[in-house]
Amino acid sequence: MRMVRFIREGGKAMYLPDFNYYCPHSVQEACAILADLGAGAKVLAGGTDLLIKMKHELVVPKALVSLKNIRSLADIGYVEGKGLILGARCTHNDLVNSTLLHQRYLSVAEAAHQMANNQIRNIGTVGGNLVNAVPSADLPPILIALGAQVTLVGPGGERTLPLEQFFTGPGQTVIAHDEILTEVVIPDQSTTGSTYIKFGLRRSGALAVVGVAAAVTVVERVIREARIVLGAVAPTPIRAREAEERLVGNAVSTELLEEAGIRAATACKPISDIRASAEYRRDLVRVLTKRSLRRAIEQGHV
Amino acid sequence: MTTMQAITDQNGVKRYMVNLVVNGDHRTVVVKANTLLVNVLRDHLDLTGTKKGCELGDCGSCTVLLNGKPVNSCLVLAVEADGQEIVTIEGLVQQGDTLDPLQEAFIDHAAVQCGYCTPGMILSAKALLAKNPSPTEQEVREAIAGNLCRCTGYVNVVKAVMVAAKRLQEGRGADHEG
Ligand SMILES: Cc1cc2nc3c(=O)[nH]c(=O)nc-3n(C[C@H](O)[C@H](O)[C@H](O)COP(=O)(O)OP(=O)(O)OC[C@H]3O[C@@H](n4cnc5c(N)ncnc54)[C@H](O)[C@@H]3O)c2cc1C
């Protein structure tokens with residue numbers, strides 16, 4: 001105990017700053033608390049991003065508003081005519097183990113499976129991964145490729161927008177401080193395949209150096225529709241629209257996919273950092289775009 | 001506004017009453033909101049088998065089972081665990097002094113070097129075997145991917161988990177080989 005006190009008082013060694021704690025039972029109540037407390041209050045989901053920032057004192061919230069008692073946010077369901085609904089508080093392992101996802105979009109369960117490690121996947125949530133808005137986050141690319149929408153609820157009501165329009169920069173989104181992301185909806189669609197390929201420096205516990213998601217609609221070997229989303233190569237996840245345009249209306253061929261890869265590589269804006277150089281990332285985009293398209297075309301939602 | 005049952009002292013510091021079931025026992029602690037589960041286990045309940053390593057969710061030495069699932073107790077607030085069931089490495093010792101088959105297998109196969117990662121490794125393996133009694137080597141590797149061993153003793157750890165699974169399947173829990 002002496003040692004403990006020494007660390008607490010002497011150094012900052014991984015103890016959290018003080019804060020007030022709330023654990024409301026409804027979204028409305030949570031929004032009211034957030035509105036009341038102002039910008040110093042933060043939502044707490046799994047805490048795998050937030051608590052680390054707090055340990056480093058990068059964020060020092062006055063209060064944390066926990067989502068743990070809001071049961072409705074932890075559901076995964078399918079609503080006819082609306083689509084597949086992922087509650088914001090679902091953990092990554094909830095996605096990995098979801099029968100609904102296995103039946104419809106295994107690609108999303110697989111993307112979640114490639115994240116972090118088992119311990120983090122048991123507590124890290126979908127909502128946290130989106131709101132945290134790290135450019136290398138693994139869920140945004142595949143969800144954007146599948147045309148997902150997010151619902152934000154605030155004291156004044158609710159709004160729904162395409163996830164594609166949610167991110168505004170590294171760590172930045174359109175969400176207001178008193179809004180809660182309640183659910184992600186993957187709408188019913190005609191896509192025939194989708195996939196996410198992550199390249200990390202290790203197979204576990206490594207962030208994406210590059211992540212590429214593709215969703216395609218292929219009818220009789222002709223590509224009718226294609227969405228390609230690149231992660232970790234721009235301040236936000238980005239669509240590779242020039243590559244998509246090249247594909248639509250054309251018959252699948254190795255040359256076509258290679259050309260799409262080159263177009264995606266040209267369109268991205270990678271940086272050099274500790275994990276990889278910009279040149280390396282750009283070439284990875286070319287290769288992974290080609291591979292993810294091939295996989296989505298040949299193997300369906302995987 | 002919804003809060004937990006809290007006590008405010010004369011300096012205005014709030015402390016929350018947290019009820020946990022730890023290794024089958026009901027335990028109540030009174031802690032500030034910023035208290036991490038790992039510190040409750042180690043400092044309040046003297047369960048120092050749970051180790052602190054990176055304290056950032058990377059190393060897995062603080063792994064405990066929260067409602068049966070392995071989590072990093074350095075990233076869980078004690079108040080968030082209120083009402084939940086926790087198993088630490090101390091909870092694996094069965095009636096009397098009998099070790100868990102996993103603990104036996106770790107000893108038999110020299111899967112413990114410096115020992116710092118061992119409690120976390122064993123708890124990750126415990127959760128795996130509860131869900132999947134006859135895992136492949138690949139599945140074992142994946143289950144312990146969030147538990148780093150600085151001695152790099154992974155080969156024997158994987159071997160020990162495979163053997164423990166086999167012994168459990170054959171109903172010879174803690175028996176030694178040969
Ligand atoms: C060891 C380790 C490995 C990791 N590996 C990966 C990886 O491979 N890939 C990856 O993408 N990420 C990874 N992460 C990051 C992290 O685990 C994920 O981003 C996770 O999804 C965050 O979710 P959370 O519930 O823990 O978020 P929290 O930390 O609780 O919250 C994050 C932010 O989002 C806000 N927030 C959370 N939920 C909501 C909501 N519903 N409405 C409004 N605001 C909300 C919080 O206020 C906070 O600002 C890793 C983290 C660690 C520690």
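Nothing here was measured: the structure is a model prediction, and the numbers come from that model. Quick note on labels: first sequence line is chain A, next is B, and so on, each numbered from 1.
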Contacts of type side-chain hydrogen bond (donor to acceptor under 3.5 Å, both in side chains), residue B/T136, not counting sequence neighbours: B/E139
Residues that A/S66 engages under side-chain hydrogen bond (donor to acceptor under 3.5 Å, both in side chains), provided they are two or more places apart: B/E80
Over 12 foreign heavy atoms within 6.0 Å of CG, B/N11: yes
Residue selection (most heavy-atom pairs with chain B, distance under 4.5 Å) from A/G47, A/G205, A/P17: A/P17
NZ/NE/NH1/NH2 to OD/OE distance under 4.0 Å, B/K14 and A/D18: no
Residue part contacting chain A, namely of B/C54, when any heavy atom lies under 4.5 Å: backbone
Option that, when pairs with chain B are counted at under 4.5 Å, heavy atom only, ranks first among A/N118, A/L51, A/N20: A/L51
Atom group of A/L50 that falls short of 4.5 Å from chain B, counting heavy atoms: neither
Side chain to side chain contact (heavy atoms under 4.5 Å, CB included) between B/K32 and B/V13, worked out: CA-CA 8 Å; B/K32 291 201 300 178; B/V13 178; 3.4 Å; yes
Over 12 foreign heavy atoms within 6.0 Å of CZ, B/R15: yes
Side chain / backbone / both / neither for A/R202 at chain B, heavy atoms under 4.5 Å: neither
When B/G60, B/A143, B/P70, B/G57 are compared by non-hydrogen pairs under 4.5 Å with chain A, the top option: B/P70
Residue among A/T48, A/L64, A/N122 with most heavy-atom pairs under 4.5 Å to chain B: A/N122
Sole residue of B/D43, B/L47, B/T48 in side-chain contact (heavy atoms from CB on, under 4.5 Å) with B/L45: B/L47
Atom group of B/K69 that falls short of 4.5 Å from chain A, counting heavy atoms: both
Contact origin within B/L36 toward chain A - heavy atom pairs under 4.5 Å: side chain
